[in-house]
J.: 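So that we are looking at the same thing, I have put the structure below in structure tokens.
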Amino acid sequence: MTLKVENLRTYFFTRAGVAKAVDGVSFEVGRGEILGLVGESGSGKSITGFSVLGLVDPPGRVAGGRILFHGEDLVGRSQGEMRTLRGKKIAMIFQDPMMTLNPVLSIETQMVETVRAHDRVSKAEARARAVEALGLVGIPSPDERLAAYPHQFSGGMRQRVAIAIALLHRPELIIADEPTTALDVTIQSQILAVIQGLSRDFGMSLIWISHDLGVVAGLAHRIAVMYAGRIVETGETDTVLDSPVHPYTIGLMRSVPANLERGEPLTPIPGMAPPPLGRSAGCPFRLRCFAATAACEIEPEEATADGHRWRCFHPQIARAA
Amino acid sequence: MTALTHRFQESQSFWARSLRGILGSPKATIALAICLILIATAIFGPALVPQNPYDLAAIDFFDARLPPMSNSMSGTTYWLGTDGQGRDMFSAMVYGLRTSMGVGLFSGVIALAVGTALGLTAAYYGGRIDTLIMRLVDLMLGFPTILVALMLLALLGQGVWKVVLALVIVQWAQFARAVRAAALIERGKEYVEAAASLGLSKPRILFGHMLPNCLPPIIVIGTLQVANAISAEATLSFLGIGLPITEPSLGLLIANGYQTLLSGQYWISVYPGLLLLALVFSINIVGDRLREVLNPRLSER
Amino acid sequence: MTIFIIRRFSQSLFVVFLTSLLVFVGVYAIGNPVDILIPADASFAEREAAIRALGLDRSLVAQYGTFLVNALHGDFGRSFVFNQPAISLIFQRLPATLELAFVALAIALVLGIPLGLIAGLKPRSVTDETIMTGSILGFSLPNFWQGMMLIMIFSVWLGWLPSSGRGESGEIFGITTSLATWDGLAHLILPATNLALFQLSLVIRLTRTGVRETMPLDFIKFARAKGLSERRIISVHVMKNILIPIVTVVGMEFGSLIAFAVVTETIFAWPGIGKLLIDSITVLDRPVVVAYLLVVVTMFIFINLAVDIVYSMLDPRIRLSETQ
Amino acid sequence: MTPLVEATSISRRFTRGLDYAERLARFLGADIEERVVHAVDGVSLTINPGEVVGLVGESGCGKSTLGRIMAGILPQSDGVMNWQGKDMSALPRAEAKAARLASQMIFQDPMSSLNPRKTIRDIIGEAPIAHGMVARRDAAEMVTALMQRVGLDPSYLNRYPHQFSGGQRQRIGIARALAVNPRFIICDESVSALDVSIQAQILNLFMELKQELGLTYLFISHDLGVVKHISDRVAIMYLGRIVESAPADAFFAAPNHPYTIALLSEVPTIKQRKRQFNPVKGEIPSPLHPPSGCHFHPRCPHAFDRCRIERPILREIAAGHVSACHLNEMPGKAASPAIPTTAIA
């Protein structure tokens, strides 16, 4: 198992109170596996990704749980120890390609420094590796483009550069935080194709964070659906999408018009997600849930069947067919 | 997460938010209190001080350069000593404060009005008018205020109104630039487009919708500019090209003590200087706090 | 970038022209040029001769033409007090002022950038609060009074440092400077410190603001995710970004330092152009005032131009804008 | 039936001229030219009363500009805009104002589309009061009714925008538009900034309002899924031009233009699992330097010589279905989906 996260809790200690952004999240990613982490804004999916790399900004911090990378717990490691992992064993790609590259440094500088942050190699060798990585992500004439600055690239090309930087050390795990959300559909497809190919060719594990079930469906082996800081349902992609059991997952699927036939009515989930500071006890979804009963006042434990897991007292198993 | 914490800081009224922001910091609260005390002193002080320092009948040349806590020929105690002409330093400082503050506030308010009007005009009309106004602003901001004020006063000569004029000329551009920048940001927002598509009149959009949203930088810069103006006036008066001797400000009082400083008669310069510092420092602290509360991204200076 | 430079250069020329016009109008049209340009103790015959010689009987436009032509040749008339060309007086005193301004700028940068970094990296800490309150104090201290206090403390009470004059100067690389001798250095410390304090506060604030605005940006987080050391992130990623605004402001502030040298030079009797200006204003030595204004304004404009060029070279978004 | 709005050969150019320094540089031999962006390039679009037209395109294709022209916020550079069959530029003042009020926009960003310093009461009530459509004393009642209509709690009347969530703000924006009794609503990416569960709520609200108030919509979006759901007719824009337009059923059943086909096959849906991504190649060209001939030819798998030279015009290929592709004039050659587009259609 490349990564195993157990009962992760990441809290933000603000003046107004403790915001439990991630509240007891467990999942695992095997070698070469793609995990799709899906949720709406504020569900804690990005914070989960940052927690793995130890990159949560204050006032937030990991308040509990374990993050096992090849069996070794990363929680509690010093920044110095984490740094040797970041970019080397675990890399990350960000959402906004316009903001992830430093505007005043050339692509070459930003790539060479990444190589040399972990490996003692000459500048020439680091440069050669940078050219190779740019080629892998499909940047035409990488040797020339290396001298360019970020503003000379389009959004899609910048995201390719960011992926190339993440690839420099052939990491075992890449955490991708909504890397195609800011891109157009045709460009998104290009990036997805690049990522899919790379993951297959190098056997890299991937956590793909997205709000879009459709993107994840096309890419991921397994899916984890997050709501209000918890994973409410997880399993094989086909299982979760063909027979979802959590009312939230079902609601999410029926909210996206692209998933429905033309003319089929949308069934929105009523209300809105509770803010991280105002979450009451019990199942966080119960106030919006069509199946909620008095039982939901207590937080449901995880239930499981054939690797399909959910946190719900009223799983919609009969519905699933 | 930032959006979350942000929402708690925001509140309805801009003035309430400003005041709460100031009171949220002990430092700024003290500074605001000092500002208010000094303003009250400037307004009511002349009625309370022991002496009218510019009434020749009230001063006695034999009392010149008395150190603090001395008794005069007529028996009154000069808490802060006397200056070269035998004036009570404390009384002279209260009168000086009045002049300094008056010039600073007055020029600040005029500059604010002129700058805001020109900045809004530039942002609203765009095109040539914008280019013209902004070139002028660039021109003004390209030179240090003190140099421009020096140039102007070297040409105009001394006088209260001339100093006010010079200070307005060197300050308006700051306001114009800030207001234009803020107005341009607002103009690009969709609520302005919405207002236009709802058929609201242009003046209504400009003054009713955009101007209130441009207020924070105006207020912050206004505060800091008043402090600047007071400081600049003092400097000009110190150099002997600002206010005439008949309208002594704190700067002139300090200048009077310059020659005697080396012979150890420190009080003639030190006390008015401390008062000037207290005034400018406390205004700047309040302004800095306002900047933090109202507009964290406002550019420096 | 060529276009950028053409634009800025032509704008600069325009500003110089505008300033000359303003100074001309100020001296010739508002004031009485006879009073301004001719010593008050001149006899009637001398005045008449001077009016003709100066062309004051001609139209204003013609006079401006003459003024401009003379100014282009560096001829601003003769000082009544020193009885030598105003321009040469300015150039004699200029090195002292430049020296003072350079040293002050160096102090401001060497202390200001590290202090601003410290404050910006630990926002709202006690260190930050202290540094920032100190910088507001630095803004607020009236420059002239602060100079007097420095003299009072370090010259009068402690007797450590001289209070006035430039002291001995020596030569380094053929440049005459006070930095070459201990005496010169001792004379330089107080005025340079006095001049530097305001700019120091400014550099601290700029650096801190820059750090605070850059640190939360995605590319810093991405740099961390790449496994870069904090040291590299701050010294390369953050510094390169905040250097751009700092260079601009510092360049502009160098002009400010020259202007503010007027105050410092007056207090510390530093023999630079600032003291010359104030002395000339006091004794109505107008040709020197005019020469000062035009020389300083011209210097200024070209400093600003240089800053713009450096700025555009530092920022790839401007430098490369035409190749796109 | 008279169309409600009819755009005929509408163009919109944004020009950034050369200043004196650039002209001087060009005189000295520098290679610079005036920058002209053809945001909208000869577009015709007709919208009938009660219709929902979906306008789809990727970023920079000019769909928002076209929307603003049709809303009367932005003037066109060329072409004619008709409102109920009459040229808008020739309307008398009062009628022009009425036409303008009858077209209202719903914006994308729920944050910047509401004035942060005004209460909900003012935001919704200001325009109707200013136009004398309601007396000041009756305004609160009207605003309350509108708030209820769009699903907001009327007790929030005196709150400010920042006290609401994104979805609620979008409802406020809708109420503000409805306050002046519009007939035509332009939705410019009105749901794309919202979370999917909220997006569905707002889409349903749009459809309810259409039923109740007989509204006509121009629904601008980059999301084909949303457009498929809501539209009666669909128009696809690419680099300032409409490349295909058809009634929605026909459109999704038999898309014709190669760009449309690519777009449709690339919309991610949950029906396609662990798929092989087969994207259309190349970047979206800059509108500053659009390709010659057919704008899509550099990325088109079927492009041939004529596509590089001649701009294809919109031709009817079935009833009400128009497409701008030269392949349609070559029997048996028309583009067919490389991958079945059933996923979305």
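Residue numbers start from 1 in every chain, and the chains themselves are labelled A, B, ... in the order their sequence lines are given, proteins ahead of strands.
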J.: Determine the minimum heavy-atom distance between P257(A) and Q199(D), stating which atoms define it.
T.: CD-NE2, 4.2 Å

J.: For a 4.5 angstrom cut-off between non-hydrogen side-chain atoms, does S189(A) reach V280(D)?
T.: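 No. Closest side-chain heavy atoms not under 4.5 Å.
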
J.: Measure distances from V256(A) to the heavy atoms of chain D and classify the residue's part below 4.5 Å as side chain, backbone, both or neither.
T.: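 V256(A) touches chain D through side-chain heavy atoms alone.
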
J.: Hey, does the side chain of Q201(D) reach the backbone of I269(A) with a donor-acceptor pair shorter than 3.5 angstrom?
T.: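 Yes, because the side chain of Q201(D) sits within donor-acceptor range (under 3.5 Å) of the backbone of I269(A).
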
J.: What is the distance from atom NE2 of H229(D) to atom CZ of R262(A), rounded to the nearest 0.5 Å?
T.: 9.5 Å

J.: Let me know if Q196(A) has heavy atoms under 4.5 Å from chain D in its side chain, its backbone, both or neither.
T.: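 When you check distances to chain D, only side chain atoms of Q196(A) fall under 4.5 Å.
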
J.: So which heavy atom on V215(A) is nearest to which on P268(D), and how close?
T.: N-CB, 3.5 Å

J.: Salt-bridge test for D242(A) and K271(D): reply yes if a basic N is under 4.0 Å from a carboxylate O, no otherwise.
T.: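 Salt bridge: no.
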
J.: Taking all non-hydrogen atoms of both residues into account, name the closest pair between F277(D) and G218(A) and its distance.
T.: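 For F277(D) and G218(A), the tightest heavy-atom pair comes out as CE1-O, 3.6 Å.
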
J.: Can you tell which part of A273(A) gets under 4.5 Å to a heavy atom of chain D, answering side chain, backbone, both or neither?
T.: neither

J.: Closest heavy-atom contact between S41(A) and D195(D)?
T.: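 Looking at all heavy atoms of both residues, the shortest contact is OG-OD2, 2.5 Å.
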
J.: Any donor-acceptor pair under 3.5 Å linking the side chain of E40(A) with the backbone of S197(D)?
T.: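 Yes, E40(A) side chain to S197(D) backbone: donor-acceptor pair under 3.5 Å.
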
J.: Any chance the side chains of T186(A) and E58(D) put a donor and an acceptor closer than 3.5 Å?
T.: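 T186(A) vs E58(D): donor-acceptor pair found between side chains.
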
J.: Within a strict 4.5 Å, meaning less than it, do heavy atoms of the P279(D) and Q188(A) side chains meet?
T.: no

J.: Check whether any side-chain N or O of R273(D) sits under 3.5 Å from a backbone N or O of L219(A) as a donor-acceptor pair, and report yes or no.
T.: no

J.: Picking from L252(A), L213(A), V185(A), T237(A), which has the most non-hydrogen pairs under 4.5 angstrom with chain D?
T.: V185(A)

J.: I'd like to check the ring pair (Phe, Tyr, Trp, His ring centres under 6.0 Å) partners of W310(A); sequence neighbours left out, ordered by chain and number.
T.: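 If we apply the ring pair (Phe, Tyr, Trp, His ring centres under 6.0 Å) test to W310(A), skipping adjacent residues, the hits are H308(A).
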
J.: What are the two closest heavy atoms between G282(D) and Q190(A), and how far apart are they?
T.: O-NE2, 2.8 Å

J.: When you measure from the side chain of N259(A) to the backbone of T269(D), do you find a donor-acceptor pair of N or O atoms at a distance under 3.5 Å?
T.: no

J.: For a salt bridge (charged side-chain N to carboxylate O under 4.0 Å, His left out) check, start with the C-alpha distance between K228(D) and E264(A), then their side-chain angles and the critical distance, and finish with the verdict.
T.: CA-CA 11 Å; K228(D) 177 188 74 171; E264(A) 208 178 338; over 6 Å; no

